[in-house]
Amino acid sequence: MREGTLSDYEFDGSGRIVAFTTVHRGISGFDSPYALAVVSLDAGPSFIGQLHDWQGQDLEIGQRVELVIAPIKRDAAGNEIIGPKFHPIRQ
Amino acid sequence: MSEVFVVGAGMTNFGPQPAIEVHELARLAVWEAIQSSGVDPRGVEAAFAGHAYQGQCFAQKALMKIGVSGIPMVNVENACASGSTALYSAHSLVASGQADIVVALGAEKLTRPGGGFLPIVTDDLESSMGRVMPSAFAMMAQMHRKNYGTTLEQMAMVAVKNRRNGALNPRCHFKDEITIADVLASPSIADPLTRLSCCPISDGAAAVILAGDRVARQLTAKPISIRSCVLVSGTRTPYGVVDDKSEMSTRAARLAYEKSGIPPEDVDVCELHDPFTIAELIHYEDLGFCRQGESGKFIEAGHANIDGKVAVSPSGGLMSKGHPLGATGIAQICEIFWQLRGEAGPRQVRGAKVGLAHTVGGGVTKLEAGACGLTILTV
């Protein structure tokens, strides 16, 4: 890649679920159950991330989501680590 | 180029082996392979060992136990395809005429107090978001269900079939049969995959002896010919891609069929990478055993049974035998070797003449997976 060809690009973080799963047996640092999804962003790229505030909702492929910043896991000391997650938009 | 043959095979029982140290597991497998081949250990010219987590200089530590030292020994890692990568490397050395007798081995000791998943790869972006291996396959399953109407029952049939086969194989981790209802009712790991939809975490080792055409027929009346031995890596994809098929397996299969001149219809017995039930279904399609989207119907019709069109994982597969990462790819070759020689006992595929072994390894962000090994063997 040539130097100076990258630039900032701001997108609104909305997209739709391409595939998802609820993980019941997680790993150290992740509170189970959590929902993980592949999201195809309206801006083009795809992203794998957790869903936020998803419990009690009927998740389905094609469902619209929006990007939020929220806790995704805990470090060894038990502190929450925040990162990108996707919030299902209620129809 | 020399034709390359398998002339001996050995493996330990798979499953928890708390009392046996991992290099000792490897020694047991290598010694069985050596004995079955009739090769003098002093005649071994090189060795390749595959493992993912077992530390430095593995082959040297294992082989010195049978008095083999000083020769070139190479230790390779490609996650779940580590064993297949050792085989590929050993095959290359013999095929190129640089050695006539080479050992390929694989071993892994994964069980530990407390159990749990394999260690997560902390420097991998998707893993850091919570993408554990079962969740990746769970999402593939959701897509396959959505796109082709594949049912939970059809997915469960993979576990039922492989446990039924495994009940005939005393070397398996699991030795009992299960039903579709058992699979569906077992605890959810990553929806829709239940505990019985996943392979267990196991210890074990396996080894094969490869020989070139100058010596193979002097060693045994029944050498098994390696017609093609292929290794490919995942190609770069955009971030965050999950598919309902394995491009890498499709590519490896096409290459192996092309090199061997053997089409998928001719495969009698296949040892296939089935860490999760959905993986086996998807790979039927990738390997050309059925058309895209038809794998659910394929297993439902019994085509993958020991007496079906292509016997898939008569050994019990990863699902039943267990999946000690480095050992898996070599254990597959052991099973194909025994099947093609007619030595597989109660799980023998009648009249098997063409065998195929397939593994996929490694979860890497921006790649479908790390590596895929695919080998076609004939009598």
Side-chain angles (χ1 to χ4, degrees), chain A residues 1 9 11 13 15-52 54-63 65 67-76 80-86, chain B residues 112 114-122 124-149 155 186-198 200-201 237-245 276 278 282 363-368:
Chain A
M1 186 164 293
Y9 176 78
F11 56 92
R16 60 182 183 82
I17 293 177
V18 175
F20 69 94
T21 179
T22 48
V23 181
H24 296 265
R25 272 292 303 273
I27 38 176
S28 177
F30 291 82
D31 293 334
S32 303
Y34 61 91
L36 194 72
V38 176
V39 172
S40 175
L41 295 165
D42 296 342
S46 293
F47 196 84
I48 288 188
Q50 290 178 39
L51 297 180
H52 181 63
W54 57 276
Q55 302 228 32
Q57 296 202 47
D58 289 327
L59 300 174
E60 58 179 7
I61 290 174
Q63 182 165 353
V65 295
L67 187 72
V68 295
I69 300 296
I72 56 173
K73 56 185 170 184
R74 295 173 191 280
D75 67 13
E80 283 183 341
I81 309 282
I82 59 168
K85 294 177 82 172
F86 292 93
Chain B
R112 57 183 192 277
F117 289 141
L118 298 180
I120 194 164
V121 183
T122 51
D124 185 80
L125 179 58
E126 289 180 2
S127 298
S128 72
M129 294 291 156
R131 176 199 179 273
V132 289
M133 211 39 108
S135 67
F137 283 89
M139 289 192 283
M140 291 181 94
Q142 298 286 33
M143 291 185 80
H144 209 272
R145 290 177 70 197
K146 169 99 174 169
N147 294 344
Y148 304 114
M155 285 168 52
S186 69
S188 180
I189 300 293
D191 190 46
L193 299 177
T194 62
R195 184 184 297 274
L196 291 177
S197 317
C198 308
I201 289 175
T237 62
Y239 178 78
V241 166
V242 169
D243 210 345
D244 60 8
K245 57 182 179 291
F276 304 97
I278 185 61
I282 283 169
V364 183
T365 292
K366 292 187 178 179
L367 299 180
E368 177 200 316

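Labels below follow one simple rule: chain letters A, B, ... track the order of the sequence lines, proteins then strands, and each chain is numbered from 1.
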- Task: Please name the residue in the list B:Ser135, B:Pro134, B:Ser188 that meets the side chain to side chain contact (heavy atoms under 4.5 Å, CB included) test with A:Val23.
- Result: B:Ser135

- Query: By a 4.5 Å heavy-atom criterion (distance strictly below it), what part of A:Ala35 contacts chain B: side chain, backbone, both, or neither?
  - Reply: neither

- Side-chain contact, heavy-atom cut-off 4.5 Å: A:Lys73 with B:Ser128? yes

- Query: Under a 4.5 Å heavy-atom cut-off, does chain B meet the side chain of A:Tyr34, its backbone, both or neither?
  - Reply: side chain

- Message: So for A:Leu36, is it side chain, backbone, both, or neither that comes closer than 4.5 Å to the heavy atoms of chain B?
- Response: both

- Note on the structure: CD1 (A:Ile61) and CE (B:Met139) are apart, to the nearest 0.5 Å, by 10.5 Å

- Heavy-atom count around A:Asp75 CG within 6.0 Å, excluding the residue itself: above 12? yes

- Message: Looking at every non-hydrogen atom in both residues, tell me the closest pair between B:Gln142 and A:Phe20 and how far apart they are.
- Response: CG-O, 3.2 Å

- Query: Heavy atoms under 4.5 Å from chain A: which residues of residues 190-198 of chain B carry them?
  - Reply: B:Ala190, B:Asp191, B:Arg195

